[in-house]
Structures are given as C-alpha cells and as structure tokens.
Q: 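First the structure, then my questions, so here it is.
Predicted model, so just to flag it, every value in this text is computed and none were measured. Letters A, B, ... are given to chains in the order of the sequence lines, protein chains preceding strands, and every chain is numbered from 1.
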Amino acid sequence: MKRTYRFKRVTKPKKSIQPDDSIHTSEKSITIGARPKSQSQPQPGILSISNPTLSFNELKILPPDLFQMDALDLVLKILPPDFFQIDALDLAPCLLGKLLRRDDVILRITEVEAYRPNDSACHGRFGRTPRTAPVFGPGGHAYVYLCYGLHTMLNVVADKEEVGAAVLVRSCEPVCGLETIQQRRGQITEKPVLLTGPGKVCQALGISTEWSNHRLYTPGGLELLDGPEPEKILVGPRVGIQYALPDDVNAPWRFAIAGSPWISAPKKTLTLPSSEI
DNA sequence: GAAAAGATTAAA
DNA sequence: TTAATCTTTTCC
C-alpha cells in the first residue's frame, strides 16, 4: 500500500503560487518557491509543507507539475476498504467532497445517489448477473455499466459482500487536470456543464465498463481519496427511475453539496433536510 | 430468438 | 423535444 503522510503549511504562501515556481520535495516536506539551499528556514513568500494536512484550497492552487510527481502521494490519502463497508444510504453523503483520481485528473464528488437492497430502482434487483456481479461484491469496488447504450456510469459499491448496494456518482467539480478533462469531454469550458451528469464524470475520467469491479482502495488506476467535508448537504429524490415503485421513486436518496454549482439537473428537487430548516 | 427499455447527453 | 445507440433482461 501507498504510504500516507499528513502535511501542514508552516509558512504563508505569496498571494498565489505561480506555475513556474520551483518545487523541492523530501521525505517529510514539500517546498514550493525559490529557496536558497544555504537557508535552513523557509523565507517569507515560500510555501513549505510539513506535517500534517494540506487543505483543499491549497491543493487547488498547487502548480500542475506537482501532480505528476511522486510527491503527490505525500498529501493525498487513499480511503481504506472499511470506509465503504456500510449501508449505501450512509456511504452516499460521506462520498461528497471525496476525490476521484485517475492519472493527472482529480475530481471532487459533488452529487451522488444511493441504491440499496429491496430497492426497485437498484440494478441488484434481478440478483447477481454478469453485469451486476460487482454490486454484490465487497464495498470499495467500482461498478461501471453502460446506460442507453451510450454513456458509462460510475458507482461505488457499498456495504458488505452479498448485500448488493452501490452509490452512483452523478456530478463532480474539477480539482486537477482541467486540460485532460476538457480533452476527454471534447468541450473547452470551465463551467458546470463540463462535469454535471454521471456520463460526463466517466468520460472525464476515461472510464469504460472494463473498469467495473476495479478496487478503488488500491494505488494505481482509479482511486478514491480523502477530501474536504462539505458544510451542508442537500437531499432529494433520485433522477431517472420512473420505472420503480412509488416509494422508491420518492425516497430522498440523492445527495449534493449545498451551494455548489457543480450539480446536475434537476436542481429544484434538492433541499436542505427538514431537520436543518 | 426477438423485443423492450434504460440511474443520459447534446443539439434542435 | 428528440435522436443516438447497445447491453441486459424478459417474454414467447
């Protein structure tokens, strides 16, 4: 398994980190900006990272070069298998804010839907079939399928083996690798239209159905990483399941980060839970 | 073996 | 609003 470190910013960066700033990495720190070798302490205007935690905002302003380096392993943490082995209804909101990484692309999950056992909208409702077998595997695997013969959908398998539950990733916000995302999407834009919709997320990650059953908790390929927790969460009924039983159609099992523009249509059906109003 | 439908998207 | 597109499941 990949080693994980916790990092902390020990000096304030300049107003913004420039892409051509030099980067120094070592076992215990990442330093960005010109820093004379003779000086043991970071100078003002230099970002130096050493134990513990790099914040999400800091992550976003790091220069692209850093993300092609092994140093990235020092600041991003892969979530362990245990994280996924819970009810899909509990896992779904927990996935908001988490990061999906494949090669130089990192996406922050902004919208999800839970699919569960005894749920007439869940692909597991027909039992274990060649396509849905991963859904019945242990939590933490990917379940990827083709929808309408055109679009691939990425699910995170939830709960214990044999349960048959998963969480659909419906929308994301770009964190790293914008150019690669735009290239794969065939659309040069930074607006939400780039990543709001489950088919778009898969396209941006370059994921096909061959990725179904891939382990998200092992380094390499497609990974699910820890990320900043959202402040408030919106809930609402799931999208595009009119064929299901009324109780399941109405179940509020769709979740999204409140205030985020990176949410797919329809948005009006999402609200703060009654307990927070 | 045939037919219907689908956890969608982009364009008109 | 609709076409595009194809795998899975179900029905005969």
Q: On DNA chain B, compare the nucleotides closest to A:Leu154 and A:Gln203; which residue's is nearer the 5' end?
A: A:Leu154

Q: Closest approach to the side chain of A:Lys200, judged atom by atom: which nucleotide of B:dT9, C:dA4, B:dT8 is it?
A: B:dT9

Q: Find the distance A:Phe255:CZ to B:dA7:C1' and express it as a whole number of Å.
A: 15 Å

Q: I want to verify a distance call: between B:dT9, B:dA10, B:dA7, whose nearest atom is closest to the A:His151 side chain?
A: B:dT9

Q: Between atom CG in A:Asp248 and atom C1' in B:dG6, what is the gap in whole Å?
A: 17 Å

Q: Round to a whole Å and report the spacing from CG of A:Leu150 to C1' of B:dA10.
A: 11 Å

Q: Assess whether a salt bridge exists between A:Glu113 and A:Arg238, defined as any Lys/Arg side-chain N lying under 4.0 Å from an Asp/Glu carboxylate O.
A: no

Q: Honestly, is A:Arg116 close enough over A:Trp253, meaning NZ or CZ under 6.0 Å from the six-membered ring centre and within 45° of the axis?
A: yes

Q: To the nearest Å, how far apart are A:Arg125 CZ and B:dA5 C1'?
A: 10 Å

Q: Which is true for A:Arg185 with a 4.0 Å heavy-atom rule: it touches a base, it touches only sugar-phosphate, or it touches nothing?
A: sugar-phosphate

Q: Any donor-acceptor pair under 3.5 Å linking the side chain of A:Thr218 with the backbone of A:Arg215?
A: yes

Q: Does a side-chain N or O from A:Tyr243 land closer than 4.0 Å to OP1 or OP2 of B:dA7, or not?
A: yes

Q: The side chain of A:Gln187 is closest to which nucleotide in this list: C:dC6, B:dA10, B:dA7?
A: B:dA10

Q: Measuring from the side chain of A:Val239 (C-beta onward, heavy atoms only), which nucleotide among B:dA10, C:dA4, B:dT8 has the closest atom?
A: B:dT8

Q: Can any side-chain N or O of A:Ser120 pair as donor or acceptor with the backbone N or O of A:Leu245 at less than 3.5 Å?
A: yes

Q: Answer yes or no: is there an ion pair linking A:Asp226 with A:Arg108, defined by an N-O contact shorter than 4.0 Å?
A: no

Q: May I ask whether A:Tyr115 stacks on the base of B:dA7, given the cut-offs of 5.5 Å between ring centres and 30° between planes?
A: yes

Q: Rounding to an integer number of Å, can you tell me how far A:Leu168 CG sits from B:dA7 P?
A: 10 Å

Q: I'd like a table of atom pairs between the protein and nucleotides 9-12 of chain C - only N or O on both sides, under 3.5 Å - with the distance next to each one.
A:
from	atom 1	to	atom 2	distance (Å)
C:dT9	OP1	A:Thr129	OG1	2.6

Q: I want to confirm an ordering. Mapping A:Val201 and A:Gly149 to their closest nucleotides on DNA chain B, which one lands closer to the 5' end?
A: A:Gly149

Q: With a 3.5 angstrom cut-off on both distances, give the Watson-Crick or G-U wobble partner of B:dA7, or none if there isn't one.
A: none

Q: Over how many whole Å does the gap from A:Glu111 atom CD to B:dA7 atom C1' extend?
A: 11 Å

Q: Starting from P on B:dA7, measure out to CE on A:Met153 and report it in whole angstrom.
A: 9 Å

Q: Hey, does the side chain of A:Ser212 reach the backbone of A:Val144 with a donor-acceptor pair shorter than 3.5 angstrom?
A: yes

Q: Could you tell me whether a side-chain N or O of A:Arg254 sits under 3.5 Å from a main-chain N or O of A:Val112, the two making a donor and an acceptor?
A: no

Q: Is any side-chain heavy atom of A:Leu205 closer than 4.5 Å to a side-chain heavy atom of A:Leu154?
A: yes

Q: Could you tell me the separation between the OH atom of A:Tyr143 and the P atom of C:dT7, rounded to a whole number of Å?
A: 14 Å

